[in-house]
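To keep things clear, I will list the structure first and then write my remarks on it.
Quick caveat: nothing in here was measured; it's all calculated off a predicted structure. Side chains included, hydrogens not; waters and symmetry mates left out as well; all remaining heavy atoms used. Numbers restart at 1 for each chain; the letters A, B, ... are given by sequence-line order, proteins then strands.
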Number of protein chains: 2
Amino acid sequence: MTERVNAILDAAENRIRRAGYNGFSFREIASDVGIKSASVHYHFPTKADLATAVAKRYRERFEEAVAKNEAAGAGRVETWKTLFRDSLAEDNRMCLCGILAAEKEGVPEVVADEARQFFEMGVSSIAEVSKDNAENSLAYGLNILATLEGAMLLAQSMGDNTLFDLATANLK
Amino acid sequence: MTERVNAILDAAENRIRRAGYNGFSFREIASDVGIKSASVHYHFPTKADLATAVAKRYRERFEEAVAKNEAAGAGRVETWKTLFRDSLAEDNRMCLCGILAAEKEGVPEVVADEARQFFEMGVSSIAEVSKDNAENSLAYGLNILATLEGAMLLAQSMGDNTLFDLATANLK
DNA sequence: GTCTATAATTTGATAGAC
DNA sequence: GTCTATCAAATTATAGAC
């Protein structure tokens, strides 16, 4: 993964997290990186290719971050909460896959599928720490992840990141 | 509110709930309704006008539905849950304002503000039934609404509406 | 790898006839 | 109110020079 490719992915991730898949263009990405749109197409032929790569990197980084935080002694739920809260605090950006899921029918299927894979990974990751039976563990993972995603949505829309903490204060 | 204007709003609401604000065009709305795009512009000069009207009607209908369900004896949280679940079951459509909030920076400010007003209404509506102090009631309303919004997002992305019920089973 | 140039299409929006 | 016609701009994407 070259430096330039990473810069393109960074710009695309930022743009998508702000305005969605249909809210950014190759020319904007090119301008962010300091090149021309044809050069972006050289690295990622189609918009679907670019967005798929962004979502894939996002999921992989998240898995690594979960593993790292947990190795540092944090509980699984606390880890997911912290990762989302940090990304919200950092730059008012909610979850990439939350946005891609919201506009599902407006994005290429391969991209929507990457979002789906992120959520399956997240639900499993959280369900894993439940001591309950399979059905209840699934419900637990779904409930926690849903609350976190919704809390980011509300905090972003209402323009106050402390609302994320209030909405998720009782999660454990 | 004429019949034609309502048909335009219906089409626009459907399109936005599937693909977001930047995922539909005046020509598509016109085609849905059976007229030409210039006629849509006659009723709603700009895209921001159209989306604002859609979001306003959505909020008003929701407030009426909450009042009606409650008059029929349902609890406040159960009412909100039922309304969202029904709209999900009806046509796999998640909350209009959830989508507009997700792509916040990609929509005109007046439109994002309508989404914000919907969430403030929703949080207050749910917080209202809490017997706790102001801060805890706010946290309660935020938590319930966040979970419902996130549950719609996950169910839609993962392609299984029963996941909404699982994710929200413990809400009360 | 990056550029210029451009093709082909779509978009939001307007003018003016009926 | 709805239409045809059209504009100006933006979009995704490609061809070919360097």
Side-chain angles (χ1 to χ4, degrees), chain A residues 1-55 57 99-100 103-112 114, chain B residues 1-57 99-100 103-114:
Chain A
M1 191 88 78
T2 74
E3 214 175 304
R4 176 63 33 108
V5 165
N6 256 319
I8 292 171
L9 291 173
D10 286 345
E13 181 176 326
N14 270 315
R15 292 274 181 181
I16 295 174
R17 288 172 82 171
R18 283 178 171 69
Y21 179 86
N22 291 303
F24 82 96
S25 71
F26 273 73
R27 277 175 179 75
E28 287 171 329
I29 302 300
S31 165
D32 291 344
V33 175
I35 55 180
K36 296 295 175 180
S37 73
S39 303
V40 180
H41 279 284
Y42 169 79
H43 295 287
F44 301 97
T46 70
K47 202 178 180 183
D49 291 331
L50 174 53
T52 301
V54 168
R57 188 186 69 163
I99 296 173
L100 293 174
E103 53 179 2
K104 186 186 178 192
E105 317 262 296
V107 311
E109 262 186 49
V110 283
V111 178
E114 286 293 333
Chain B
M1 192 89 77
T2 74
E3 215 175 303
R4 177 61 35 104
V5 166
N6 257 319
I8 292 170
L9 292 174
D10 287 344
E13 181 177 324
N14 270 314
R15 292 273 181 184
I16 296 174
R17 288 173 80 171
R18 283 177 171 70
Y21 180 86
N22 291 303
F24 81 97
S25 71
F26 272 75
R27 279 171 179 76
E28 287 170 328
I29 301 299
S31 166
D32 291 344
V33 175
I35 55 180
K36 296 295 176 180
S37 72
S39 303
V40 180
H41 278 285
Y42 169 80
H43 295 286
F44 301 97
T46 70
K47 202 178 181 183
D49 292 331
L50 174 53
T52 302
V54 168
K56 194 164 292 191
R57 189 186 68 162
I99 296 173
L100 293 174
E103 52 180 1
K104 187 185 178 194
E105 316 263 297
V107 310
E109 263 186 50
V110 282
V111 178
D113 196 64
E114 286 293 332

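- In this structure, Y42(B) reaches the bases: a heavy-atom distance under 4.0 Å links it to at least one base atom across the strands shown.
- Listed nucleotides dA15(C), dA13(D), dG1(D) differ in distance to S37(A); the shortest reach to its side chain belongs to dA13(D).
- Applying the 4.0 Å criterion to OP1 and OP2 of dG1(C), one finds that S39(A) has every side-chain N and O outside that range.
- In this structure, N22(A) places its CG atom 10 Å from P of dT11(C), rounding to the nearest Å.
- Residue S25(B) places none of its side-chain N or O atoms closer than 4.0 Å to OP1 or OP2 of dT10(C).
- Rounding to the nearest 0.5 Å places CD of E105(B) at 10.5 Å from CZ of R15(A).
- From L9(B), atom CG reaches atom CD1 of I16(B) across 9.5 Å, with rounding to the nearest 0.5 Å.
- Rounded to whole Å, the distance from CZ on F44(B) to P on dG12(C) is 15 Å.
- Which of dT2(D), dT6(D), dA5(C) sits closest to the side chain of R27(B) comes down to dT6(D).
- The CD1 atom of I29(A) sits 15 Å away from the P atom of dT2(C) (whole-angstrom rounding).
- Counting non-hydrogen atoms under 4.0 angstrom, F24(A) reaches the backbone sugars and phosphates but no base.
- The side chain of K47(B) contributes an N or O atom lying less than 4.0 Å from OP1 or OP2 of dG12(C).
- Which of dG1(C), dG12(C), dA13(D) sits closest to the side chain of F26(B) comes down to dG12(C).
- When each of dT14(C), dG12(C), dT14(D) is scored by its nearest atom to the side-chain atoms of A38(B), the top-ranked nucleotide is dT14(C).
- Using a distance-only test at 3.5 Å, with no hydrogens or angles considered, no donor-acceptor pair links the side chain of K47(A) to the main chain of P108(A).
- Put simply, CZ on R17(A) and CD on E103(B) are 16.0 Å apart, with the number rounded to the nearest 0.5 Å.
- Atoms NE2 (H43(A)) and P (dA13(D)) sit 16 Å apart, rounded to a whole Å.
- Listed here is the closest heavy atom pair of G106(B) and N22(B): O-ND2, 3.0 Å.
- For H41(B), no side-chain nitrogen or oxygen approaches OP1 or OP2 of dG1(D) to under 4.0 Å.
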